[in-house]
Participant: 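Dropping a structure here in structure tokens format, bear with me for questions.
Computed over heavy atoms, backbone and side chain alike; hydrogens, waters and symmetry mates excluded. First the proteins, then the strands, lettered A, B, ... as listed; each starts at 1. Keep in mind the model is a prediction, meaning the values are calculated, not measured.
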Number of protein chains: 2
Amino acid sequence: MLETVTPMKTEASDALSETAQKGDAEKRGRKASKEVRRLQLIEATIDSLAKRGYAETTMADVADGAGLSRGIVNFHFESKEKLLIATLQHMYDEYSAHWRTALQKAGDDPARQLQYLVWADFDRSICNKRKLAAWLAFWGEAKSRPTYQALSSSRDAYYQQVFIDLCATLKESGGYSYEPQVIALALSAMLEGLWLRLMMGTEDTTRETALQAANAFLAAAFPKHYG
Amino acid sequence: MLETVTPMKTEASDALSETAQKGDAEKRGRKASKEVRRLQLIEATIDSLAKRGYAETTMADVADGAGLSRGIVNFHFESKEKLLIATLQHMYDEYSAHWRTALQKAGDDPARQLQYLVWADFDRSICNKRKLAAWLAFWGEAKSRPTYQALSSSRDAYYQQVFIDLCATLKESGGYSYEPQVIALALSAMLEGLWLRLMMGTEDTTRETALQAANAFLAAAFPKHYG
DNA sequence: CACCATTTGTTGAACATTCATTCAATATGG
DNA sequence: CCATATTGAATGAATGTTCAACAAATGGTG
């Protein structure tokens, strides 16, 4: 049921596998390329955000999580704020690339494209406890931090426009009566709301039930296409 | 279009109007009843959460916002954590009372009850920038703080059950084909997702457009009742 | 009513802790 | 040997909490 839309792996998990991890204490102090270290620290930041939340995430915790020393983060990122921005940017890029790939794989049929976009949202590589928790941590701080705002809603204006265009196309071919913008807003809001439930760890919501709910919406809104 | 379902006012805003505010510097040092002070400090906490976010909310900022001295919060709440829990509890109680009142005012017709619940979610007294921002601030920390978890999803298990029951009733009378739990999850997730959009301050989403989207969902899912 | 004692509320400075940042010393790889 | 990466202790700023002193209300008593 939950087919993987794209086999994308996070580059960082690859990077981690060739560098120091908790077990390899003897590798501490080894030099690694700048990009590898940065990814390693970004992954450790996501870990910390997921485990402790935004407010409790400290530089020391990130460094410990990466198995490196205290001063290292400032060397690679200058400041805590820049580390967090880089982390957010990393997650944004990953999400962005993921749905674009999914859209491409769907081919030319608009109904299929919309279905693939919905599936992409619940793909394991994107939609897992660790990353959802990190997203939520950023969302909580986004409104009061101008720097975060542009990046913090993973679904940006362009993504929204794609949804609107797809809804408009389906409306024509199916003879539905609603405004494309309105139904697109309802749909994308529901996807975010389902994410929110998954993040909060409410018992009654799992990736499977969330996907069911999303499909129920599609069937209700576009009965000719998903009936 | 946006009719006020309930004329409820926050007790705290009443309380504030009879106690010291920024202008009345001469009233500083005056004693006030315990309950009034607590509400005053809780309101100042919501202000701070909305303005600065969770991580940047400090005891000093709360005290300044209330026009009182630094040590006062510990006197009334013992610790910062207890102040935040009391604030969350206050918001939870307010939300809870609000939707229950709305449900009561709807009368016996299930379609009307569901419509009133949806309206209640976008009522100004609940759904305004200040309070939404405070909710989001708590959500961001909820997963990593067990104490927050029970209170942080304003829509609790009972609320969800009411939705499911209403969907089940509508299904029978309208001859729809989906599972009530699934469509109820889709609906409540969409409401939360719309809140999220409003919180984030995305330009294309206002209280009016959010309500339109919610109504579009109702019309799509229950055409016999809201067509 | 006036007076004083007691309780209760409030203040702001002092304290202890946590944490981001800096940097001189050291290690590593080329 | 040089450039670069890494370490970890030192530093200073921010902040939650404590508390002794003070002020205001309360209530009892003559």
Participant: Would you tabulate the pairs of protein nitrogen or oxygen atoms and nucleotide nitrogen or oxygen atoms of nucleotides 16-18 of chain C closer than 3.5 angstrom?
Facilitator:
none

Participant: Mind running a 4.0 Å heavy-atom check of residues 77-84 of chain B against DNA chain D and sending the residues that fall below it, in number order?
Facilitator: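 Result for residues 77-84 of chain B: B:S79, B:K80, sorted by number.
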
Participant: Which of parallel (below 30°), tilted (30 to 60°) and perpendicular (above 60°) describes B:Y148 and B:Y54?
Facilitator: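 Perpendicular.
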
Participant: Can you tell me how far C1' of D:dT7 sits from CG of A:L41, to the nearest Å?
Facilitator: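 In whole Å, D:dT7 C1' and A:L41 CG are 14 Å from each other.
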
Participant: Tell me if a side-chain donor or acceptor on B:K80 pairs with a main-chain N or O of B:T57 at a distance below 3.5 Å.
Facilitator: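 Side chain of B:K80 to backbone of B:T57: a pair is present.
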
Participant: In Å, rounded to the nearest 0.5 Å, how long is the span from OG1 of A:T45 to CG of A:L83?
Facilitator: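 Spacing of OG1 (A:T45) from CG (A:L83) equals 3.5 Å.
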
Participant: With DNA chain C as reference, determine whether A:A60 or B:H76 sits nearer its 5' end, using the nearest nucleotide of each.
Facilitator: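 Mapping each residue to its closest nucleotide by heavy atoms, the 5'-most match is B:H76.
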
Participant: Would you mind reading off the distance between B:I72 atom CD1 and D:dC22 atom P, rounded to a whole angstrom?
Facilitator: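 Answer to the nearest Å: 18 Å.
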
Participant: Which whole-number value in Å describes the distance from B:F75 CZ to C:dA13 P?
Facilitator: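 It is 20 Å, rounded to the nearest whole Å.
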
Participant: Which pair of non-hydrogen atoms, one from B:R52 and one from A:E141, has the smallest distance, and what is that distance?
Facilitator: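 Closest approach of B:R52 to A:E141, heavy atoms only: O-OE1, 4.2 Å.
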
Participant: Please check the phosphate of C:dT8 (OP1 and OP2 only) for any side-chain N or O of B:K34 closer than 4.0 Å.
Facilitator: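 Indeed not, no polar side-chain atom of B:K34 lies that close.
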
Participant: What's the shortest heavy-atom distance between B:I46 and B:A134, and which atoms?
Facilitator: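 Nearest pair, atom of B:I46 first, then B:A134: CG2-CB, 3.9 Å.
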
Participant: Look at the rings of A:Y159 and A:W99 and say which category their plane angle falls in: under 30° parallel, 30 to 60° tilted, over 60° perpendicular.
Facilitator: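 The rings of A:Y159 and A:W99 stand perpendicular, inter-plane angle above 60°.
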
Participant: Using whole Å, what does the distance between atom P of nucleotide D:dA14 and atom CZ of B:R52 come to?
Facilitator: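 Going from B:R52 (CZ) to D:dA14 (P), I get 13 Å.
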
Participant: Quick one: which of C:dT21, C:dT11, D:dG16 gets closest to the side chain of B:M59?
Facilitator: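 Selected nucleotide: D:dG16.
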
Participant: Using whole Å, report how far CG of A:N74 lies from P of D:dT7.
Facilitator: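 One finds 13 Å between P of D:dT7 and CG of A:N74, rounded.
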
Participant: Of all heavy-atom pairs between A:S153 and A:Y92, which one has the smallest distance, and what is that distance?
Facilitator: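 It is O-CE1, 4.0 Å.
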
Participant: Picking from D:dT7, C:dG12, D:dG8, which would you name as closest to the side chain of A:R70?
Facilitator: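 Minimum distance to the A:R70 side chain belongs to D:dG8.
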
Participant: Starting at CD of B:E56 and ending at P of D:dT15, how long is that distance when rounded to a whole Å?
Facilitator: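 Atom-to-atom, B:E56 to D:dT15, this comes out as 7 Å.
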
Participant: Quick check against the 3.5 Å criterion: does A:E94 have a side-chain atom that pairs as donor or acceptor with the backbone of A:I126?
Facilitator: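 No; judged by distance alone, with no hydrogens or angles, the pair does not exist.
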
Participant: A:Y95 vs A:W135 aromatic rings, parallel, tilted or perpendicular, using cut-offs 30° and 60°?
Facilitator: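 Rings of A:Y95 and A:W135: perpendicular, over 60°.
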
